[in-house]
Trainee: 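Here it is: the structure, laid out below.
Index from 1, following the sequence.
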Amino acid sequence: MRDANPSYCTRAGNEAAGVGYCFICALSSLPAAAGAEAQKAVFPEMRFDFGKTMHGSVVEHDFWVKNEGSAVLRIVKVNMTSPLLVTRMPRELAPGGEGMIRFKLDTAALRGAFKGQISVFLDDPDLPEADLSFEGLVIPPVEISPLPAFFVSGLRGKGASASLEIINHEPEPLRILKIEHASERFTTDLETIERGQRYKLTSILKPGGHGGRKMEPITLRTSSEAQPALEISANTYLHERIYTFPDSVDLGAIPISQIRKNPGALSILAQTLMVYQEDGSDFRATLGTDLPTLNLKWERGPKGDRYQATISLDPNKVEVGFLSGLLLIHTNDPALPKLTVPISGRILEQ
C-alpha cells in the first residue's frame, strides 16, 4: 500500500485503489462525534403511591429525570389523568444533567381509589414516551368500610347477614337521619359504635321469599353537608339446599377457524361449574344437556357434598351460530330432584 499522502487524493488518473483511499480520507475529515452523540433519559422512579389522604387535600410529588447521554435531552410534552397538573418542568437537560417534573393533585373532586397515568414525551429515540403512575386512596368525609356494598348469600330457611362501618372524618359529629330502600328481600339494622363518629350497618337477608340473585340500592341520609346521601349497593343471593356456582355458563365467542386449526384449544376454553348440597354427605347427581355440541365430565367431591363439572365444546359437532341450552342436573335430594343451568355461547364464522 502507498504511504498516506494528502496530495495523492488530488492526482488525476488515480487507479481504483487510490480512489478508495481518497474516499477514506474524505470520511476521516468529517466531525468524529456527528453520529455518536445521543440523549439518554433515565427515570429513577416510575410509580408514586401516596397511600391514603383525606378528601380535599393537595398531594404533590416530584419525578426526577436524568440525561445520561451525550446530547441535549428535550421534554416535548406531558399528558396526564385529570385532575393532575404539572407545576414545574424543565424543557431540556444538558448531558449529565437532571431535573424534576412536579405534579400536583387536588383531591377536592375525588373519592376512593385514584389511579393517575402520566405520559412524558421525549426526543430520546430509545425512550420516546415514559409512562409514570401517580396513585393512592382518597378518604371521603364520610367513609364506608371496607366498601360501599353488601354481599350476602344465604340458604333458604336460614338467611344470612353482613355488616359494614360508616366512619366520620369531619370535625362535626355525624348523624344518620334515615335509611332508605324498597327491598322486601332484606332488612337493615343500624348500631352506634361511637356516637357521631362510627356506626355499624347490617343487612339481614330474609330466609324466605324469591330465590336467586339481586342487586338493590340503599341510601343513607346523613347530617353531613359534604355527603348528605351515602349510596350502598346491596347484592343478595338466596339459594336452595342444592345450588350451583356459577348459576349460568357462558362459553364465549369462538371463531370456527380456530377450532378447525387447533381442536385441542377447546379443552383449554372449557368451563368449570360446581354443584353443592348444603350440609350434604351422601349427595348424588348425574348431569346431562340438551345441547349435542357439548362434552360433559363430572366428578364427586371427597366429602360427598358436591360435584365438579367440566363443560366443553365437541370440535366434531360445532357449527356456526348461537349456542343456547340447558345443563340438566338430576339429584337424589327429594326436595330438589332436578335443576337446570342456562348455557350460552357463539361460534363465529371467521
Side-chain angles (χ1 to χ4, degrees), residues 41 43-65 75-91 98-122 129-151 162-180 190 192-201 203 215 217-235:
F43 287 82
E45 178 191 31
M46 306 288 285
R47 177 178 178 271
F48 170 62
D49 188 335
F50 58 79
K52 295 182 178 181
T53 189
M54 290 302 303
H55 164 83
S57 63
V58 174
V59 183
E60 291 187 297
H61 183 71
D62 299 333
F63 284 98
W64 287 86
V65 55
I75 299 175
V76 180
K77 65 175 182 177
V78 178
N79 292 341
M80 70 221 78
T81 305
S82 178
L84 278 169
L85 293 173
V86 177
T87 59
R88 181 175 177 181
M89 180 183 73
R91 289 297 178 185
E98 63 178 1
M100 66 178 182
I101 309 175
R102 176 167 293 171
F103 292 90
K104 181 175 79 170
L105 177 68
D106 186 344
T107 66
L110 300 176
R111 290 185 178 92
F114 176 77
K115 295 185 179 295
Q117 299 298 315
I118 300 167
S119 297
V120 182
F121 294 88
L122 310 150
E129 181 180 344
D131 295 322
L132 314 176
S133 64
F134 191 119
E135 56 192 52
L137 184 65
V138 180
I139 305 298
V142 181
E143 178 187 4
I144 301 176
S145 178
L147 71 165
F150 285 114
F151 296 91
S163 299
L164 51 79
E165 283 195 22
I166 302 155
I167 305 169
N168 180 27
H169 295 291
E170 295 183 304
E172 296 296 324
L174 176 73
R175 290 180 295 119
I176 307 298
L177 305 177
K178 191 176 182 181
I179 302 173
E180 300 174 349
L190 184 67
T192 300
I193 300 175
E194 182 182 353
R195 186 171 298 279
Q197 299 301 316
R198 297 178 63 195
Y199 298 89
K200 179 181 178 181
L201 181 66
S203 174
M215 190 278 287
I218 300 174
T219 302
L220 271 60
R221 304 295 177 184
T222 80
S223 61
S224 169
E225 292 185 3
Q227 287 182 272
L230 303 176
E231 300 296 334
I232 299 172
S233 172
N235 302 271

Trainee: Heavy atoms only: give me the nearest P173-S223 pair and the separation to one decimal.
Mentor: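 Minimum heavy-atom separation between P173 and S223: O-OG, 3.8 Å.
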Trainee: Side chains of T222 and I166, heavy atoms from C-beta outward: is any pair under 4.5 Å?
Mentor: no
Trainee: Tell me, with the steps shown, if L201 and I232 meet side-chain contact (heavy atoms from CB on, under 4.5 Å).
Mentor: CA-CA 11 Å; L201 181 66; I232 299 172; 3.8 Å; yes
Trainee: If every non-hydrogen atom of S82 is compared with every non-hydrogen atom of F114, which pair is closest and at what distance?
Mentor: O-CE1, 3.8 Å
Trainee: Just verifying a value: how many Å separate E60 CD and D106 CG, rounded to the nearest 0.5 Å?
Mentor: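 Between atom CD of E60 and atom CG of D106 there are 10.5 Å.
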Trainee: With rounding to the nearest 0.5 Å, note down the distance linking CG in D62 to OG1 in T87.
Mentor: 7.5 Å
Trainee: Could you check if a side-chain atom of I139 sits within less than 4.5 angstrom of a side-chain atom of I167, using non-hydrogen atoms only?
Mentor: no
Trainee: Check whether more than 12 heavy atoms from other residues, nucleotides or ligands sit under 6.0 Å from atom CE of M215, and answer yes or no.
Mentor: no
Trainee: L85 versus F103: any side-chain heavy-atom pair under 4.5 Å?
Mentor: no
Trainee: Is a side-chain donor or acceptor of T107 paired with a backbone partner of G56 at a separation under 3.5 angstrom?
Mentor: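 At least one qualifying donor-acceptor pair exists.
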Trainee: Would you say that L230 contacts P148 through its side chain, given a criterion of any heavy-atom pair below 4.5 Å between the two side chains?
Mentor: no
Trainee: Verify side-chain contact (heavy atoms from CB on, under 4.5 Å) between I118 and F63, making sure each step is shown before the conclusion.
Mentor: CA-CA 11 Å; I118 300 167; F63 284 98; 4.1 Å; yes
Trainee: Just verifying a value: how many Å separate E194 CD and K200 NZ, rounded to the nearest 0.5 Å?
Mentor: 15.5 Å
Trainee: Distance check, rounded to the nearest 0.5 Å: L220 atom CG versus I144 atom CD1?
Mentor: 7.0 Å
Trainee: Indicate the atoms forming the closest heavy-atom contact of L122 with V76, along with that distance.
Mentor: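 Scanning both residues completely, I find the closest heavy atoms to be C-CG2, 4.0 Å.
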Trainee: Are any side-chain N or O atoms of N235 and backbone N or O atoms of F150, one a donor and one an acceptor, separated by less than 3.5 Å?
Mentor: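 Checked: pair present.
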Trainee: Can you give me the closest heavy-atom contact between L137 and F50, atom names plus distance?
Mentor: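 So the two residues come closest at N-CE1, 3.5 Å.
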Trainee: Less than 4.5 Å apart, side chain to side chain, heavy atoms only: is that true for P228 and R221?
Mentor: no
Trainee: Should S133 and Q117 be marked as a side-chain contact (heavy atoms from CB on, under 4.5 Å) after you check the CA-CA gap, both sets of side-chain angles, and the distance that decides it?
Mentor: CA-CA 5 Å; S133 64; Q117 299 298 315; 4.3 Å; yes
Trainee: What are the two closest non-hydrogen atoms of Y199 and L174, and how far apart are they?
Mentor: OH-O, 2.6 Å
Trainee: Do the side chains of F134 and V59 get nearer than 4.5 Å, heavy atoms only?
Mentor: yes
Trainee: Taking only residues two or more places apart in sequence or in another chain, which ones pass salt bridge (charged side-chain N to carboxylate O under 4.0 Å, His left out) with R47?
Mentor: D49, E135
Trainee: Enumerate the side chain to side chain donor-acceptor pair (under 3.5 Å) contacts for residues 165-177, please, sequence neighbours excluded, ordered by first and then second residue.
Mentor: E143-H169, E165-R198, E170-S224
Trainee: H61 and side chain to side chain donor-acceptor pair (under 3.5 Å): which single residue from K104, R102, E45 fits?
Mentor: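 Among K104, R102, E45, the one that satisfies the side chain to side chain donor-acceptor pair (under 3.5 Å) with H61 is E45.
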Trainee: For the residue pair P140 and H55, what are the closest heavy atoms and their distance?
Mentor: CA-CB, 3.8 Å
